[in-house]
Protein chains: 2
Amino acid sequence: MTTISDGEEIVFEQPCPIRDVLDRIGNQWSLLILEALAPGTLRFNALMREIGDISKQMLSRTLKQLEQDGFITRTLYPEVPPRVEYALTDLGRSFLEPMQQLVAWAESHHRAIVEARTRYQANPEQR
Amino acid sequence: MTTISDGEEIVFEQPCPIRDVLDRIGNQWSLLILEALAPGTLRFNALMREIGDISKQMLSRTLKQLEQDGFITRTLYPEVPPRVEYALTDLGRSFLEPMQQLVAWAESHHRAIVEARTRYQANPEQR
DNA sequence: CGGCATCCAACTCGATACTG
DNA sequence: CAGTATCGAGTTGGATGCCG
């Protein structure tokens, strides 16, 4: 499992594609960032505002991961003050489709899940 | 964020359906268990063998979560020795489709991701 | 503005041992 | 057989603060 920490030592093992991919995009932030970039290019602080409750740290780390995995591009304009724009790559855009399927499923079944949890709590039978 | 720990105090907040769902099924084990149960009912130890490298702990915990969220059913046959069977619910089965879309995407784009990582490592330009 | 480094609390996950 | 309890190492992720 690859770590998201600040360290430089990045190791790629993970024989299983699904685990590998899910390790990366399975965290909440990656999905949210990808969604935020779906309409178009955004700058760092614009992303922060768009997502709302993400810290600079996590945004920075997750963006780096997504760039590393080829989901997004990072373009630095050497101006003062610096401007950095993030955009989806073709790979990132192609991922949007299965992802949105999942999001749609989550939205339409969320109620059922919440109800299942309530039911479970109400029946502490043979547990 | 709901915890998976052993504690009894389970809190449901999570206003966002996607985060909520991903928090639960975003971990490697949930997906693997759901896949393992796709062909049909399985017992606890059969699941362990099927998945391979999961510990009893994590299997037990994750199964409980999946049951709680209504993805699977747990049927205890009061025999000696005890027999417990796990099976997908309709909800769980309905989740299989978007999930398999994602798995398919992961499989067909895994190479591209690995290549992106390699490319990234090879170009430590302005970083 | 964009983003790393540091510190730290919380949580995850596995190993092991014990139970009905 | 099918778990739960306990312990402990390792990760994650947020809060700051500094820097170009």
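Below, chains carry the letters A, B, ... as their sequence lines are ordered, and counting in each starts from 1. The figures here come from the full heavy-atom set of this structure, side chains too, leaving out hydrogens, waters and symmetry mates. Please read these numbers as outputs of a predicted model, since none were measured by experiment.
Atom P of nucleotide C/dC13 and atom NZ of B/K64 are separated by 15 Å, given to the nearest angstrom. The nearest whole Å value for the distance from the CD atom in B/E67 to the P atom in D/dT4 is 10 Å. The distance between atom CD of B/Q65 and atom C1' of D/dG3, rounded to the nearest whole Å, is 17 Å. Counting to the nearest Å, the P atom of D/dC1 and the CE atom of B/M48 are 12 Å from each other. We find that CG of A/L59 is positioned 17 Å from C1' of C/dA5, with the value rounded to whole Å. Here D/dT12 presents its P atom at 14 Å from CG of B/N27, a figure rounded to the nearest Å. Atom CE in A/M58 sits roughly 15 Å away from atom C1' in C/dA9 (whole-Å rounding). Atom P of nucleotide C/dT12 and atom CD of B/Q28 are separated by 14 Å, given to the nearest angstrom.
The stretch residues 79-87 of chain A touches DNA chain C through A/P81, A/P82, A/V84, A/Y86, each having a heavy atom within less than 4.0 Å of the strand. Non-hydrogen atoms lying under 4.0 Å from DNA chain C are contributed by A/R43, A/F44, A/N45, all within residues 34-47 of chain A.
Separation of atoms CD1 (B/I51) and CE (B/M58) is listed at 10.5 Å; rounding is to 0.5 Å. Note that CD of B/E115 is 12.5 Å distant from CG of A/D69, once rounded to the nearest 0.5 Å. Expressed to the nearest 0.5 Å, how far CG of A/D20 lies from CD of B/Q28 amounts to 11.0 Å. Expressed to the nearest 0.5 Å, how far OG1 of A/T62 lies from CD of A/E67 amounts to 12.5 Å. For the atom pair OG (B/S94) and CG (B/L88), the distance works out to 10.0 Å, reported to the nearest 0.5 Å.
Remark: the backbone N or O of B/K56 is not paired with any side-chain donor or acceptor of B/S60 at under 3.5 angstrom. Between the side chain of A/T73 and the backbone N or O of A/T89 there is no donor-acceptor pair closer than 3.5 Å. Side chain of B/T118 to backbone of B/V114: a donor-acceptor contact under 3.5 angstrom is found.
Partners of B/W105 according to the ring pair (Phe, Tyr, Trp, His ring centres under 6.0 Å) rule, which considers only residues two or more places apart in sequence or in another chain, are A/F71, A/F95, B/H109. Applying the salt bridge (charged side-chain N to carboxylate O under 4.0 Å, His left out) rule to B/E107 yields no partners; only residues at least two apart in sequence or on another chain are considered.
Looking at B/Y77 and B/E85, their side chains come closer than 4.5 Å, going by heavy atoms from C-beta outward. A heavy-atom distance below 4.5 Å is found between the side chains of A/R117 and B/R24.
With B/W29 as reference, B/I54 is the one residue of B/L66, B/I54, B/L59 to meet the side-chain contact (heavy atoms from CB on, under 4.5 Å) rule.
Heavy-atom nearest nucleotides on DNA chain C were determined for A/L63 and for B/I54, and the one closer to the 5' end corresponds to A/L63.
Applying the 4.0 Å criterion to OP1 and OP2 of C/dC4, one finds that A/S60 has a side-chain N or O inside that range.
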Next on the checklist: Could you walk me through whether B/E35 and B/M99 satisfy the side-chain contact (heavy atoms from CB on, under 4.5 Å) test, starting with their C-alpha distance in whole Å, then the side-chain angles of each, then the deciding distance to 0.1 Å, before giving a yes or no?
Outcome noted: CA-CA 9 Å; B/E35 279 198 324; B/M99 186 183 96; 3.3 Å; yes
For nucleotides 15-17 of chain D, tabulate all protein N/O to nucleotide N/O atom pairs closer than 3.5 Å, reporting atom names and distance.
from   : atom 1 : to    : atom 2 : distance (Å)
D/dA15 : N6     : A/Q57 : NE2    : 2.9

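For the helix from C/dC1-D/dG20 to C/dG20-D/dC1, the terminal axes (five pairs an end, C1' atoms, rotation from four pairs onto the next four) enclose an angle of 50°, given to 10 degrees.
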